[in-house]
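Only one structure is covered here, and it is reproduced in the block below.
This is a predicted model, so every value here is computed, not measured.
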Amino acid sequence: MSPTLEISNVERLIDEINRIHAGYHERFSKLYGGNLPNLSKTLRHLDVNFVLQYRLNLHESINDYLIRSDIGALPLAYYYRVKTTESVLDKIRRFSERESGYPANKVLNDIFGVRIIADSALMEEIHAALDEWVSTKGLKNWYVQEKNGYIGTHVYFNQRNNLFFPWELQIWDKADALKNIESHERDKRLFV
């Protein structure tokens, strides 16, 4: 039987993701001599090779960061992924085709993502706490996304810095989990 997820564990998870995000960025920045692009500029100003190097380095090293973190000690189940190269390139292509330019950090806001599933009562507690966490934990923002049968709360980490690729935490209500999986299978893997 899995442990009951509590609001304090969600807050600790957010703290750990924030810490890992900052630590990873610091290390990655050193690889580039601190010369990182401003991700608030539009996609056309961003070197795609830089994005792919970030993605590959993150893919190769994220488990090391997770093992050294306190996430494993939390009594919660979490799932994570690093976007595939194909998914990153597809997202860049789709947004580059649009007339108005999009900032890179708004498009590439989920190269790394974590997902947790909570019951409805905890979702209410999380929503009540998120505005405070945005202001006290340096989160970028959060919102509830409802699209094509998908419903999920998305939380973004960027250390309030336009040199960081944002990371994403998706929090799903247990009642929506199966239809969210179906939605992702139907809508998020079109590049395959």
Roughly how far, to the nearest 0.5 Å, is the OG1 atom of Thr42 from the CZ atom of Phe95?
13.5 Å
Side chain to side chain contact (heavy atoms under 4.5 Å, CB included) for Glu6 and Glu125? Distances and angles first, verdict last.
CA-CA 9 Å; Glu6 296 177 5; Glu125 286 184 67; over 6 Å; no
For residues Glu124 and Ile126, determine if any side-chain heavy atom of one lies less than 4.5 Å from a side-chain heavy atom of the other.
no
Any chance you could lay out the side chain to side chain contact (heavy atoms under 4.5 Å, CB included) test for Thr153 and His127, step after step, and finish with the verdict?
CA-CA 8 Å; Thr153 300; His127 288 166; 2.6 Å; yes
For a salt bridge (Lys or Arg N to Asp or Glu O under 4.0 Å) check, start with the C-alpha distance between Arg12 and Asp15, then their side-chain angles and the critical distance, and finish with the verdict.
CA-CA 5 Å; Arg12 285 178 55 204; Asp15 289 339; over 6 Å; no
Does Asn109 form a side chain to side chain contact (heavy atoms under 4.5 Å, CB included) with Lys91? I'd like the steps, not just the answer.
CA-CA 11 Å; Asn109 60 0; Lys91 199 167 190 184; 3.5 Å; yes
Tell me the closest heavy-atom pair linking Ser40 and Pro103, and the distance in Å.
O-CB, 3.4 Å
Main-chain N/O of Phe112 paired with Arg55 side-chain donor or acceptor, under 3.5 Å:
no
Does one hydrophobic cluster hold both Val114 and Val144, with members joined at side-chain heavy-atom distances below 4.5 Å?
yes
Can Gln159 and His25 be counted as having a side-chain donor-acceptor contact under 3.5 angstrom?
no
Linking I/L/V/M/F/W/Y whenever their side-chain heavy atoms sit closer than 4.5 Å, directly or via other members, would Val48 and Leu43 fall into one cluster?
yes
Find out whether Leu122 and Asp119 are in side-chain contact, i.e. whether some heavy atom of one side chain is under 4.5 Å from a heavy atom of the other.
yes
Spacing of Tyr150 atom OH and Ile181 atom CD1 [to the nearest 0.5 Å]
11.0 Å
Please tell me whether Phe164 and Ile62 are part of a single hydrophobic cluster in this structure, the criterion being side-chain heavy atoms less than 4.5 Å apart.
no
Shortest non-hydrogen separation from Asn148 to Arg186 and the atoms involved:
O-NH2, 2.5 Å
Heavy-atom side-chain proximity of Val51 to Leu46 below 4.5 angstrom:
yes
Tell me whether the centres of the aromatic rings in Trp167 and Phe157 are closer together than 6.0 Å.
no
Can you confirm whether Arg81 is buried at CZ, in the sense that more than 12 heavy atoms of other residues, nucleotides or ligands lie under 6.0 Å from that atom?
yes
Between Tyr24 and Tyr54, does the ring centre distance come in under 6.0 Å?
yes
Where is the tightest heavy-atom contact between Leu74 and Asn9, given as atom of each residue plus distance?
CD1-O, 4.0 Å
For Asn158 and Asn105: C-alpha separation, side-chain torsions, deciding distance, then whether side-chain hydrogen bond (donor to acceptor under 3.5 Å, both in side chains) applies.
CA-CA 9 Å; Asn158 81 337; Asn105 60 2; over 6 Å; no
Please say yes or no: joined through hydrophobic side-chain contacts below 4.5 Å, possibly via intermediate residues, are Tyr143 and Val155 part of one cluster?
no
Any salt bridge between Glu132 and Lys137, counting N to O under 4.0 Å?
no
Sequence neighbours left out, what passes side chain to side chain donor-acceptor pair (under 3.5 Å) with Ser61? Give chain and number order.
none
Tell me, please, which residues at least two apart from Lys174 pass side-chain contact (heavy atoms from CB on, under 4.5 Å).
Ile117
Centroid separation under 6.0 Å, is that true for the rings of Phe28 and Phe165?
no
To the closest 0.5 Å, what do you measure between NE2 (His154) and CD (Glu168)?
5.0 Å
How long is the span from the CG atom in Leu130 to the CD1 atom in Ile171, to the nearest 0.5 Å?
5.5 Å
Would you say the side chain of Ile71 lies within less than 4.5 Å of the side chain of Leu13, judging by non-hydrogen atoms?
yes
So which atom in Leu58 and which in Val82 form the shortest heavy-atom distance, rounded to 0.1 Å?
CG-CG2, 4.1 Å
Answer yes or no: is there a donor N or O on one side and an acceptor on the other, between the side chain of Arg115 and the main chain of Tyr80, under 3.5 Å?
no
Quick one: do Tyr156 and Trp142 end up in the same hydrophobic cluster if we chain Ile, Leu, Val, Met, Phe, Trp and Tyr together by side-chain heavy atoms under 4.5 Å apart?
no
Least distance between heavy atoms, Pro166 atom then Lys140 atom:
CG-NZ, 4.2 Å
So, Asn180 side chain and Ile151 main chain: donor-acceptor pair closer than 3.5 Å or not?
yes
State plainly whether the residues Glu26 and Lys30 are in salt-bridge range, i.e. N to O under 4.0 Å.
yes
More than 12 heavy atoms of other residues, nucleotides or ligands under 6.0 Å from CZ of Arg44: yes or no?
no
With side chains defined as the heavy atoms from C-beta onward, is the minimum distance between Arg160 and Leu139 less than 4.5 Å?
no
Looking only at side chains, do Asp173 and Ser120 share a donor and an acceptor under 3.5 Å apart?
yes
Compute whether any side-chain donor of one residue and acceptor of the other, for Arg19 and Ser69, lie under 3.5 angstrom apart.
no
So CD of Gln170 and CD of Gln145: to nearest 0.5 Å the spacing works out to 8.0 Å
Using 0.5 Å steps for rounding, measure from the CG atom of Leu66 to the CD atom of Glu16.
9.5 Å
Please check if the side chain of Asp70 supplies one atom and the backbone of Ala73 the other of a donor-acceptor pair under 3.5 Å.
no
Criterion salt bridge (Lys or Arg N to Asp or Glu O under 4.0 Å) on Glu97 and Arg93, from CA distance to verdict
CA-CA 6 Å; Glu97 290 173 352; Arg93 179 194 56 77; 3.2 Å; yes
Pair Thr84, Leu89 - check side chain to side chain contact (heavy atoms under 4.5 Å, CB included), show working.
CA-CA 9 Å; Thr84 65; Leu89 292 174; over 6 Å; no
